[in-house]
Each structure stands twice: as structure tokens, then as C-alpha cells.
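For reference, the structure is listed below as C-alpha cells.
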Amino acid sequence: MRIGDLSKRTGVSSRSLRYYEEQGLLTSSRSDAGQRHYSEIDVERVALIRQLFDAGMSSRVIAAVLPCVDSPTDPDITESAFMTMMHERDRIDADIANLLKSRDALEVLIGINRKYWAELTSIPVAG
């Protein structure tokens, strides 16, 4: 299938698909006219790439993990991918901890603001 067909089937823009190729996440064959051609399995691969991007992974990290999909029985590749995934999980855990701290600080400010507005609106206005 051509790039436009893959784009329609996956909901991913042609521009993004070209970016995936530039980053080594996706490969295509070329026609004599230079048009990109993809196989049916690339539909699933693009879905996986989207899931990994949605999980917050960078293209560099995705490129390190995808060889495990291509060669799941190669112990060196799977160990490297496993270590990358563990590092990403730890990074995400740290991000979550920082977000929780930020939310807690914001909750304190919201509480102070509510108290201030409650006091402000309960003051009688001299008229």
C-alpha cells in the first residue's frame, strides 16, 4: 500500500509516517518511481508506534525498543529493550511524583484563595 493508504488506515498523517521513517521506526520499499510502499504488518507497527508516543516515549527510545518486536528471541536485543523500558518506567514514575507535588502545592494555593475570597465577600460594604 502507498503512504496515503497507510495514512488513511492508521489515522496517522503522511508527514508523521515520513518522520517515522527518518527516525528508523518504520521502513518502506520504493517503487521504480520512488513511491513508498508498505505492507499490511506496517498498519500494526504504526499503531504500536503511536501507543509508545502516547505513553510519552521519544522517537529515540522507541527506536531502542522496537528491535525487540522485530527479533523477540534475540537475547541481546530483548535485554537492551528491557533495560530501556525499565528506564522509561522509572522516568515516568519520577514525572508522576513531581506532578503530584505540583498538584499538592496548587491545592494549598486554591485553599488559601478560597479562604481569602470567602472573607472578602463576607465583609459588609458601607453604602
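No hydrogens, no waters, no symmetry mates; every other heavy atom, side chains included, goes into these values. When a residue number appears, it is its place in the shown sequence, counting from 1.
- Looking at Asp70 and Arg45, a side-chain N of the basic residue comes within less than 4.0 Å of a carboxylate O on the acidic one, giving a salt bridge.
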Step-by-step side chain to side chain contact (heavy atoms under 4.5 Å, CB included) determination, Val61 to Leu52: CA-CA 9 Å; Val61 171; Leu52 296 172; over 6 Å; no

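- Checking side-chain atoms of Thr78 against main-chain N and O of Asp74 turns up a donor-acceptor pair under 3.5 Å.
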Met1 vs Lys8, side chain to side chain contact (heavy atoms under 4.5 Å, CB included): CA-CA, chis, key distance, verdict: CA-CA 11 Å; Met1 79 186 81; Lys8 288 176 188 167; over 6 Å; no

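- When atom types are taken as modelled, the side chain of Ser71 and the backbone of Cys68 share no donor-acceptor pair closer than 3.5 angstrom.
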Stepwise side chain to side chain contact (heavy atoms under 4.5 Å, CB included) test for Leu26 and Leu6: CA-CA 12 Å; Leu26 185 65; Leu6 183 60; 4.2 Å; yes

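- With hydrophobic clusters built from ILVMFWY side chains whose heavy atoms lie under 4.5 angstrom apart, Tyr19 shares a cluster with Val43.
- Residue-environment remark: CZ (Arg2) stays at or below the threshold of 12 foreign heavy atoms within 6.0 Å.
- Here CD1 of Ile49 is found 10.5 Å from CD of Gln23. Values are rounded to the nearest 0.5 Å.
- Looking only at side-chain heavy atoms (C-beta outward), Arg30 and Gln35 stay at 4.5 Å or farther from each other.
- The backbone N or O of Ser80 sits less than 3.5 Å from a side-chain atom of Thr84, completing a donor-acceptor pair.
- Tyr116 and Val108 fall into different hydrophobic clusters, where Ile, Leu, Val, Met, Phe, Trp and Tyr are joined by side-chain heavy atoms under 4.5 Å apart, directly or via other members.
- The number of heavy atoms from other shown groups lying within 6.0 Å of CG (Leu109) is above 12.
- Cluster annotation: Met57 is not connected to Phe82 through the hydrophobic network of ILVMFWY side chains, with a link wherever side-chain heavy atoms come within less than 4.5 Å.
- Side-chain contact between Leu48 and Gln51 is present, with at least one heavy-atom pair separated by less than 4.5 Å.
- Residues Met86 and Arg89 are in side-chain contact: their nearest non-hydrogen atoms beyond the backbone lie under 4.5 Å apart.
- One hydrophobic cluster, built from ILVMFWY side chains closer than 4.5 Å, cannot hold both Val65 and Ile77; they sit in different ones.
- The backbone N or O of His87 lies less than 3.5 Å from no partner atom in the side chain of Asp90, so there is not a single donor-acceptor pair.
- Annotation for Val12 and Arg50: closest pair CG2-CD, 3.5 Å, computed over non-hydrogen atoms.
- At a threshold of 4.5 Å between non-hydrogen side-chain atoms, the residues Leu106 and Arg103 do not count as touching.
- A salt bridge is defined here as a Lys NZ or Arg NE, NH1 or NH2 lying under 4.0 Å from an Asp or Glu carboxylate O, and Arg91 with Glu88 meets this definition.
- Using a 4.5 Å cut-off between side-chain heavy atoms of Ile, Leu, Val, Met, Phe, Trp and Tyr, with links allowed through other members, Phe53 and Val69 fall into the same hydrophobic cluster.
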